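For the numbers below, each heavy atom of this structure counts, side chains included, while hydrogens, waters and symmetry mates do not. Per chain, numbering begins at 1; letters A, B, ... match sequence-line order. Treat the numbers as computed from the prediction; the structure is a model and nothing was measured.
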Amino acid sequence: MPQNYVPIFIFIAIILILLPLTLLAAKLVRPENPSKTKLMPYECGIDPVSDSRGRYTVRYYIIAILFVVFDVETIFLFPWAVKFKALGLFGFVEILIFLAILIAGYVWVWKKGALEWV
Amino acid sequence: MPEETKPPSQSSPPGEVKPATEKPAATPATPAAKPAAPAKPAAPAPTPWDSPMIAKLKRSYGSGIEPLTYLGQHYMIVDRSLIPEILQVLRNEEQFDYCVDITAVHYPQREKQFDVIWVLYSFPRNERIRVKTLTKDGESLPSSIPLWAAANWLEREVYDMFGIKFDGHPDLKRILLPEGWKGYPLRKDYGILQQDNEWVQINLGIESGQ
Amino acid sequence: MPDPTSLSPLDLDTPDKTFLDANELIINMGPQHPATHGVLRVILRLDGEKVLGLECVIGYLHRGVEKIGENRTYAMFNPYVDRMDYVAAVSNGLGYCEAVEKLLAIEAPPRAQHVRVILTELNRLTSHQLWLGTHALDIGAITPLFYTFRDREEILKIFEKYCGARLTTHAFRIGGLQYETYSGFEREVKNFLAFFRPKIDEYEELLTTNRIWLERTRGIGKISAEDCIALGVTGPVLRASGVKWDLRKAQPYANYKNFDFEIPIGENGDTYDRYIVRMAEMRQSVRIIEQAVDALPEGPIMAKVPKVIKPPVGEVYHSIEAPKGELGYFIVSDGSTQPYRVRVRPPSFVNLQALDTMCRGQLVADVIAVIGTLDIVLGEVDR
Amino acid sequence: MDALLHITTLHYLVLGAALFLLGVIGVLTRRNVVIVLMSIELILNAVNLNLIAFSRMWGGLHGQIFAIFVITDAAAEAAVGLGILIAFFRNKETVNIDEVNLLKW
Amino acid sequence: MHDLIQYVQSYLDPNVKVTPGAAGNMFWAFVYIMLVFLGLSVAVIAMNWLERKILAHMQVRLGPMRVGPHGLLQPIADALKLLLKEDLIPAGADSFVFWFAPFIVVLAAFCVFVVVPFGPQHAITDMNIGILFMLGVSSLSVLGVVMAGWASNSHYPLIGALRSSAQMVSYEIAMGLAVISAILMTSLNATGTGTLSMIGIVEAQKAQGEWFIFKFFPLGLIAFFIFAVAMVAETNRAPFDLAEAESELTAGFHTEYSGFRWSLFFLGEYTAMIAVSSIAVTLWLGGWLRPFPNLLNSPTWDTLFSYVPGATFLFLAAICFYNVARMPKHPYFRIQTMGLGAFGAALALIGLILFIPVVSVRVQDIFWFTAKVAGFQYLYIWYRGTFPRYRFDQLMHLGWKVLLPLGLGVLILTAGVGLLQIKS
Amino acid sequence: MTPVATPFFFYLLAATMLIGGILVITCKNAVHSALALIVTLLAQANIYLMLYAPFVAGVQIILYAGGIMVLFLFVIMLVNIDRAMKERQFNSQWWVGIIAATALGGLFIAVYTKGKSIFPERIPSIAEGENTQRVATLLYGQYMFAFEIASLLLLVAIIGAVVMAKKRI
């Protein structure tokens, strides 16, 4: 491992040791007497009607897709930005084409109303 | 019977209470208040009310309506059978576009036990009237939701408190009291103490909460 | 007028059936929820975040006020009415006292009327302040709450000095007032008005032109004047829809006809207009109080009322313009010392009925804003 | 022992192969489509690992460029694959791959 | 042992201008890690207290006053309370994921600080992909949020989790675009090669003689503005605090969390706030550079600015002493008065130490960096005191339809202007 | 930039990856699988760091762990996995799969034992500090067309995914 990345591991290791330790310390001092009512999920004072998992709107998924695609786009822009001056006009045009294609997709998505929340 | 109909006092043994608690609504109990006697015309009495509108209504419905004024407030007692038509006319032709309130009063001694009262207001005329009708226990009235959307909850409350049913109401169920409540509390013969005691016995497992 | 069939209840038994088509979701909000202003329970049927319909479940605070009224004498029931809309207790008392006075065919003396107007309008200010604070809090602005509470305190101090209570004041008696005003009452009220006038600007400065506030309230929870009238909605909500109707002007009671004030109205009937209307109402209230204090007449504070109040047989309906809308009392007397029937026509109860109409097609977050803008008090809804 | 302590390209390749096999097993045996898709991600990652290892071995960066394109591809594949899965789930209300037996639904 | 001494010495040499990580100096890396932990804990505790106090004073109230003088010990009391609170895992919850989710959030928020440059050599490590690492690691907290919401097995947390994760990912794009336009500016130098390293970015600002917020005015400012909005949204703070919109979804994704486990989310949130502020400071506000490094660059100004850290602490101490004088003289308040006095004395001592030239030269970078970050923290509190909350669709609208096109536009314009500059 | 403790980190990360991979394909609960996959991906990012490919490592963290896995988690939340958990986990042809995988594994072993000699044992030194910059030069120079086509791929992905997921389009 190149040496300047090693501190990351030290860092993570310290957190992964410290956090469970504090949780353990908390476990030693805190009271623990759960009851059925206490363990019930919060539903504004009413007994929960149904299992909560798995019936949410698909719009969240569309947001996630758009995010992933545009994330890829930003990732591609990073090396260009770093090399911006050296790549010069040629690189700029290249990026413009790249962005133009993606912006076409963005406009299509906008037009189709996938960006509308409701 | 009279012993059972009395609201149980603190000392009354549970055994005596039981039969009453089974049907609290049906027992013709004597309420704490004095019986409503329509007697003693002491001070100002209602005077007949006359206006162009009343004249028009009188022409169509004749003796079915009895318009009166009391303390400057107008109201009309309408025959039960004329209620749907009268309300319709008031709403559509006489511009009473705002249903202020729907309520009822219980007179257990009468044969027609309930007064049902519509308080109406007209924005264009700036006039407030009351429409009153007498109805028997168990008899249902037409719902006025098609005329005034506001009637929805008001009718539900009347049903909740008096047990008067409204035909054509889309969702006639209790509104303020929980589903499955026994009896209709604003009836004069409603035994609140029996009800309370029963609840205490069932839910707390003790003889009496009083 | 809304289609009556659209008010049909939600079919709560079959949530699964609809899941695949439209991602319908039933969400229960309340009774223990920070934004339902007490113990209102709202069952929302959602498509994603869009409200398809909702059903209010009320009654968690039901205390049977009307039944209590039947078992108390007229004077004994007076303190109970304060407990309905505890935010505007003075208005409740005014309505009740005036209704019984009407039944007795008496009238409170002018000085009493003036003090009543002053206190009622002060109470309207407290009610609107509380509304503003909680409404803004619902929309996420936490600071106005503290500003309004700071200023509300000054009014409550006046109440406390006058009748010893801050919230459930029991300030009025049938036939007039129990207490003469304390010395310095006029001065203190005037001082308060001078202090309060810039405060309204301060509230408005935080919100009225705030971009986020505008986005959150403009066009939200719209209700047309026709729908308002059909649903019996009154008060600022009705006025925000453009209906210039205020009982203080339409059917004046308690000396209001002698005061000069305007009825602020809105145009669009949305949450923002209701906000603007209430803010303007606060300014009008300040105006009324000022006139009333300036013209406070000398004289008795109690009309001739028998020791034992026994109204003649008959029934009367009297209503006043409470901060939330038309507050009506329907009292039936059988000639005894106790009312045979007391019916309260609470503005919040009837206004709450419009929630479904106002929320359809809006988002979940708007339901909160709309509940806030309706300015309901569950104590009054459930009685 | 020295072979174990001296990390060479082969070590990375073996790791990649193991990961690839895990992915293949997942794709071929699991019924849950979501997990099948995740196994495909494992396979892609195994490939990436090889590419990077070779890139390091030859001292060029072409392997890294390929890895970036593979990751791009993985993003596109996940987006469309999961989109199909959602459409499928909406119609069949299941995520079992055994039920995917119609071209049109 | 000798090695250790050498290790220690190697870094104390004032000529060393490299971070311990890059130098391979694991001892000093460890010391720095510990210092970062300590500093972050103090910062979070201070944030907790300051947020309440500042918010309270904005809202015409006093805030905590009971625990310690002016509530100074309130955060500690809170921590104790949370430690002693019952910690429930709701029935039906996925206990492993429930247990693990807060870790992800805390880890993601903390790991960012591995590359935060407090000074030219005051960073745990410097890496070639610094900003990429920061963005990547901070985006991992989305996973923790989603998992916390899912594991709770309850409606409100799940909706809260979906909402806040959708919000976080939406603003990440705009954030990335704004970052790229800053990176682009770093490449406008003699070699034509920019950098992703955090230290390199600040050095580039130093070399180009202006903070990137002022570069290509107003393009740098707009990019900074986009980032500043996105970072508030990213950390789920007002006016974008939908995730924990109290009035709508009670507490969002951590509704079911209680006790110490909940406090981990709290810790993560505040650390993330500091982390994104650090990114903003590094990219646009010149990192550790003191104000006007180029306009006022005579040695006199240098010495003058080197007094500012000490003076600041002395000023804080003076506030403390003033309040000691204002404390009620009743014996009941004696301990509180003494405590406040001691706190002031400690601040004054720190201030005096900071006046020593040797110390001040080494520390003033850290001071300026921290001061800039603290300014952002104040903004966070101010937003919370002023703004109503956005609605979810408005938030999405802002992210996808306003900030994203704006970010793209700014990026392309910056590139265009940069090209013109190269040509001329 | 000198490497330190390479075998230790390699075995640590390799073990993490393999355990993660095994958990991905064996967990009943898809969320647990996703969690395991995230751990695998992060460990792999660190392996990229070891191989002096920091830019790819960054891409791996941002895109894979922070992007694609969020997508997976969202989908898991949208589809009801509780039922899938109660059902049989492996399909009816699982033994075919195992056999195929074993055969493939055998093939790999054969290739590696045979081809060990063709791998040169040299460790070239790449200036790690210039990694991103060099990637940029290659990406926008030699791989220009691939780069532009990648944007087309993304365009297709957006359109395809939105069409698939959105019902009323």
Begin with the C-alpha distance, continue with both residues' side-chain angles, and end with the deciding distance and a verdict on side-chain contact (heavy atoms from CB on, under 4.5 Å) for F:Tyr48 and D:Gln64.
-> CA-CA 9 Å; F:Tyr48 292 165; D:Gln64 296 189 16; over 6 Å; no
Criterion side-chain contact (heavy atoms from CB on, under 4.5 Å) on D:Leu42 and F:Val24, from CA distance to verdict | CA-CA 9 Å; D:Leu42 273 185; F:Val24 169; 4.2 Å; yes
Can D:Val14 and F:Phe108 be said to form a side-chain contact (heavy atoms from CB on, under 4.5 Å), step by step?
-> CA-CA 9 Å; D:Val14 170; F:Phe108 280 147; over 6 Å; no
side-chain contact (heavy atoms from CB on, under 4.5 Å) between F:Leu139 and D:Phe69, worked out | CA-CA 10 Å; F:Leu139 190 60; D:Phe69 283 125; 3.7 Å; yes
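Top candidate by heavy-atom pairs under 4.5 Å with chain D, chosen from F:Val96, F:Val135, F:Ile159, F:Leu154, is F:Val135. Chain D forms more heavy-atom pairs under 4.5 Å with one residue of F:Leu71, F:Val156, F:Leu138 than with any other, namely F:Leu138. With respect to chain F, the highest number of heavy-atom pairs below 4.5 Å among D:Ile86, D:Ile71, D:Ile25, D:Val24 belongs to D:Ile71. Counting heavy-atom pairs under 4.5 Å between each of D:Val36, D:Leu19, D:Val27 and chain F puts D:Leu19 at the top. The candidate from F:Pro7, F:Gly67, F:Gly160, F:Ala34 with the greatest count of non-hydrogen atom pairs under 4.5 Å with chain D is F:Pro7.
For F:Leu18, the parts sitting under 4.5 Å from any heavy atom of chain D are the backbone and the side chain alike. Both the backbone and the side chain of D:Leu37 come within less than 4.5 Å of a heavy atom of chain F. For F:Ile68, the part sitting under 4.5 Å from any heavy atom of chain D is the side chain, from C-beta outward, and nothing else. In this structure, the portions of D:Leu49 lying under 4.5 Å from any heavy atom of chain F include both its backbone and its side chain. Interface residue D:Phe20: only side-chain heavy atoms are found under 4.5 Å from chain F. Only the side chain of F:Thr40 comes within contact range of chain D, with heavy atoms under 4.5 Å apart.
Smallest separation of non-hydrogen atoms from D:Leu28 and F:Ala100: CD1-CB, 3.9 Å. Across D:Thr29 and F:Gly97, no two heavy atoms sit closer than the pair CG2-CA, 4.4 Å. Nearest heavy-atom pair, D:Ser39 versus F:Ile25, reported as atom, atom and distance to 0.1 Å: OG-CG2, 3.7 Å. The two atoms that bring D:Ile52 and F:Ala53 nearest to each other are CG2-CB, 3.9 Å, heavy atoms only. Between F:Ala150 and D:Thr72 the shortest heavy-atom distance is CB-CG2, 4.4 Å. Of all heavy-atom pairs spanning D:Ile35 and F:Ser33, the tightest one is CD1-OG, 3.7 Å.
Counting only heavy atoms from C-beta outward, the side chains of D:Met38 and F:Ile76 approach each other to under 4.5 Å. Within the 4.5 Å cutoff, side-chain heavy atoms of F:Ile47 are placed close to those of D:Leu15.
Counting heavy-atom neighbours within 6.0 Å of D:Phe66 CZ, excluding the residue itself, gives a total of 12 or less.
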Enumerate, atom names and distances included, each donor-acceptor pair closer than 3.5 Å involving a side-chain atom of residues 54-64 of chain F, sequence neighbours excluded.
from    : atom 1 : to      : atom 2 : distance (Å)
F:Gln60 : NE2    : D:Asn45 : OD1    : 3.1
F:Gln60 : NE2    : F:Leu41 : O      : 3.4
F:Tyr64 : OH     : D:Glu41 : OE1    : 2.8

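With F:Arg134 contributing its side chain and D:Leu61 its backbone, the two residues share no donor-acceptor pair below 3.5 Å.
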